Amino acid sequence: MSGSLGRAAASAATALLRWGRSAGGGLRGPGVRAAGSGGSGSSEHLDALVKKDKVVVFLKGTPEQPQCGFSNAVVQILRLHGVRDYAAYNVLDDPQLRQGIKDYSNWPTIPQVYLNGEFVGGCDILLQMHQNGDLVEELKKLGIRSALLDETKDQDSK
Amino acid sequence: SLLRDAKSSKDTTKVTEHTTVPVSPHLPVLSRSEDSISQSASGREICIRPACQEFRPRGGTAVTKPECEPMLSGQLVVRLFSMASRVCMSRGSAGSGVIGPVEAAIRTKLEQALNPEVLELRNESGGHAVPPGSETHFRVAVVSSRFEGLSPLQRHRLVHAALSEELAGPVHALAIQARTPAQWRENPQLDTSPACLGGSKKSRT
């Protein structure tokens with residue numbers, strides 16, 4: 001069992017991706033993962049993950065290389081809004097994380113989006129929020145100014 | 001308008017990163033005439049291949065092929081999906097035209113749980129990296145007055161609850177459009193899903 005915990009620790013570490021930021025910081029060392037508690041899929045661990053950053057997404061693949069069309073849609077929408085600094089976790093790297101986040105969110109599919117520690121939904125909901133303007137508002141509440149607002153401003157001033 | 005034509009002139013050096021690749025015969029070229037928003041070079045091929053969705057951040061700033069950007073803005077996010085997915089999507093359930101047991105179960109359970117006015121269900125498994133005849137990826141539009149007053153999240157959770165067995169079992173992906181009757185009348189259409197990017201079967205480079 002200890003062998004697989006070592007692997008779980010390593011794979012959870014690679015699953016943590018800081019896109020647009022320097023890596024490191026916030027990674028748990030292998031020693032933290034004791035048997036039966038604190039695994040990469042545990043609710044304590046996930047609770048910490050979703051609260052650590054304002055925007056947290058669980059994807060199949062990475063923002064640079066999404067491996068699922070729905071996960072890619074989430075990445076593209078965030079890019080459109082100019083959200084660069086977000087935490088992205090690749091569930092394909094870690095089966096414990098993959099199942100754990102489904103249990104934690106009580107949501108059966110990936111991708112999953114968290115804003116300010118709160119579960120927002122999957123790709124469909126994020127797309128809806130993007131289309132109806134809610135996403136701009138939610139980002140504003142987090143102190144993130146959507147790039148689309150600047151676009152509109154540029155258009156208005158022409 | 002969500003046009004980014006201001007940026008495309010700056011990105012000339014980055015265009016070489018994504019040389020225009022010949023569009024596969026399967027991929028339709030997006031017609032510029034449909035697109036009232038985009039004003040970049042008309043008639044240019046838009047590469048919507050999965051390879052084009054990969055980009056390399058530089059110094060923390062994401063870059064993309066300039067031609068792709070306008071196509072991703074606003075309503076065109078949805079359009080991008082439908083163009084890309086039409087490529088490998090076959091009509092009918094997973095290409096075979098037969099309604100499988102999972103699809104039938106989904107329909108029955110949603111009818112019972114939500115008493116929908118409209119229920120459009122499509123097996124999209126044919127567009128993904130699964131064997132023919134699979135019933136793993138679905139898209140559903142449910143129109144029900146039971147959604148009145150519920151947030152999108154609450155609506156989706158209702159759908160999940162009705163299909164908990166399928167979702168714990170064979171169904172791997174479920175795209176949901178959950179609308180009230182009034183909302184559906186504004187846009188009575190089952191969207192299409194984005195193109196598959198290989199899932200866990202895609203080999204890593």
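Note on naming: letters A, B, ... go to the chains in the order of the sequence lines (proteins, then strands), and numbering restarts at 1 for each one. Computed from a predicted structure; not experimentally measured.
Taking all atoms of both residues into account, the shortest heavy-atom contact from B/Leu167 to A/Pro108 is CD1-CG, 3.7 Å. Heavy-atom minimum distance, A/Gly69 versus B/Pro194: O-CG, 3.4 Å. Closest approach of A/Asp124 to B/Ile176, counting heavy atoms only: OD2-N, 2.6 Å.
How far OG of B/Ser200 is from CG of A/Asp93: 11.5 Å, rounded to the nearest 0.5 Å. Summarising the geometry, atom NZ belonging to A/Lys60 is positioned 11.0 Å from atom CG belonging to B/Leu197; distances are rounded to the nearest 0.5 Å.
Chain A is approached within less than 4.5 Å, heavy atom to heavy atom, by B/Pro152, B/Leu153, B/His156, B/Arg157 from residues 151-159 of chain B, ordered by number.
The neighbour count for B/Gln183 CD, taken as heavy atoms of other residues, nucleotides or ligands under 6.0 Å away, is above 12.
Note on ring orientation: taking the six-membered ring where Trp is involved, the planes of B/His128 and A/Phe70 are parallel (angle under 30°, cut-offs 30° and 60°).
Residues passing the ring pair (Phe, Tyr, Trp, His ring centres under 6.0 Å) test with A/Tyr104: none are found, sequence neighbours excluded.
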